[in-house]
There are 6 protein chains.
Amino acid sequence: MPYVNIKITREGGPEGAGPSAEQKAELIKGTTDLLVKVLNKSPATTFVVIDEVNLDDWGVGGLPVVDYRKALNG
Amino acid sequence: MPYVNIKITREGGPEGAGPSAEQKAELIKGTTDLLVKVLNKSPATTFVVIDEVNLDDWGVGGLPVVDYRKALNG
Amino acid sequence: MPYVNIKITREGGPEGAGPSAEQKAELIKGTTDLLVKVLNKSPATTFVVIDEVNLDDWGVGGLPVVDYRKALNG
Amino acid sequence: MPYVNIKITREGGPEGAGPSAEQKAELIKGTTDLLVKVLNKSPATTFVVIDEVNLDDWGVGGLPVVDYRKALNG
Amino acid sequence: MPYVNIKITREGGPEGAGPSAEQKAELIKGTTDLLVKVLNKSPATTFVVIDEVNLDDWGVGGLPVVDYRKALNG
Amino acid sequence: MPYVNIKITREGGPEGAGPSAEQKAELIKGTTDLLVKVLNKSPATTFVVIDEVNLDDWGVGGLPVVDYRKALNG
């Protein structure tokens with residue numbers, strides 16, 4: 001009966017605008033397989049929900065992520 | 001002092017693109033009424049937040065939901 | 001394919017230490033019935049997860065909830 | 001190792017369509033500084049994720065937020 | 001910069017009271033490896049948070065999970 | 001109408017078992033003040049919910065946080 005929520009920044013992927021549907025399908029399959037393998041959960045009652053988050057909306061190190069990366073590489 | 005988060009797939013509704021504003025208002029009212037009835041919570045401090053999730057972003061049975069339904073009905 | 005998360009303060013209920021199992025079952029049933037009625041969702045793929053939150057861990061009005069209520073009634 | 005999620009209604013800001021990137025950066029910085037000050041957390045492992053929620057999708061008092069405000073001011 | 005939240009029922013594991021620390025470590029490693037493989041994410045900025053949920057607090061099919069399983073097998 | 005969720009590891013604080021009630025009250029006040037200052041939100045409709053997460057249940061770098069810190073310092 002697991003519920004998994006994966007939050008990622010909206011970037012990368014084939015067009016630079018976020019993961020492709022195929023990549024998301026890989027995340028869904030991989031996460032579900034992991035829960036089956038480690039905890040013997042049933043896939044039919046395993047939900048995986050992916051949230052893509054705009055870069056402006058994700059902060060780390062006290063900065064929006066784009067500024068944080070610039071500061072690291074500065 | 002409840003906080004309720006309802007996540008649903010973005011589909012159905014009057015135009016097939018997700019629930020209407022009226023349907024969302026029904027969810028908000030119904031959930032709030034339930035918390036008042038069962039736990040005597042105050043509506044004024046009951047928040048309900050609805051998230052619509054794209055079909056690509058919701059997995060069940062190890063598959064994106066559209067593929068899962070096809071597999072079930074295959 | 002809905003997922004509902006209900007967060008409530010850990011208080012009230014038959015012993016003052018939070019809702020009883022019966023009250024939680026009512027919340028689960030009521031929320032699921034609402035999603036069936038309003039959006040025609042399938043109960044078998046409707047998850048409801050309840051989180052009880054300690055009073056120290058819930059703030060409103062800039063105060064922990066117990067202090068907030070005292071201030072309101074003060 | 002904190003993770004902070006801030007959910008706000010999508011409104012206000014310089015064009016009335018939600019907070020500006022600068023306002024979001026202030027939220028990220030302010031929240032991170034607070035966790036450093038109060039709990040001595042490391043900024044490099046402090047994530048802040050902001051979700052803007054459409055007004056239709058936020059309920060309080062059993063009503064969508066716009067209707068709730070009208071009712072209060074009615 | 002991913003954040004993953006895994007919610008599972010508190011059951012199973014070596015003593016029937018939930019997954020062991022080793023099983024949780026496997027979930028953390030497996031999820032992180034998946035995000036590295038599929039999306040080339042950096043492990044150092046990948047958080048995984050596991051929530052164990054009491055059986056009373058998880059509903060499916062309109063019932064608490066224990067009652068739901070009984071009904072299915074009835 | 002903001003809702004803020006702060007997840008932190010259960011450690012530190014006056015007895016090493018997590019933040020004190022006073023520290024949590026500071027987080028609640030600081031977060032609320034920030035939302036008032038930056039976005040002019042009303043404190044009375046600002047919720048802050050704090051979750052303390054056991055060290056076993058938090059992963060970073062593909063490891064439970066305690067192992068991750070050992071590996072960094074190793």
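So that the names make sense, note that chain A is the first sequence line, chain B the second, and so on, each numbered from 1.
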Which heavy-atom pair separates [X] from [Y] by the least distance, and what is that distance?
X	Y	value
D:V36	D:P43	CG2-CG, 3.7 Å
D:L55	D:R10	CG-O, 4.3 Å
E:L35	E:P2	CD1-CB, 3.9 Å
D:V49	D:N5	O-ND2, 3.0 Å
D:E52	D:P19	OE1-CD, 3.5 Å

In short, salt bridge (charged side-chain N to carboxylate O under 4.0 Å, His left out) pairs touching residues 36-48 of chain E with sequence neighbours left out are none
By residue number, those in residues 21-33 of chain D with heavy atoms under 4.5 Å from heavy atoms of chain E are none
Using a heavy-atom distance cut-off of less than 4.5 Å, which residues of residues 64-73 of chain D contact chain E?
->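 Residues qualifying by a heavy atom under 4.5 Å from chain E are absent, so none.
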message: Quick check for you: to the nearest 0.5 Å, what is the distance between E:D57 atom CG and E:T9 atom OG1?
response: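 Interatomic distance, E:D57 CG to E:T9 OG1, rounded to 0.5 Å: 11.5 Å.
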Practice prompt. Measure the spacing between CE of D:M1 and OG of D:S42 and express it to the nearest 0.5 Å.
Written response: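 Atom-to-atom, D:M1:CE and D:S42:OG are 7.5 Å apart.
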Inset, instruction - Please collect all ring pair (Phe, Tyr, Trp, His ring centres under 6.0 Å) contacts where either partner lies in residues 31-66 of chain D, sequence neighbours excluded, each pair once. - result: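 Only A:W58-D:F47, B:F47-D:W58, D:F47-E:F47 qualify under ring pair (Phe, Tyr, Trp, His ring centres under 6.0 Å).
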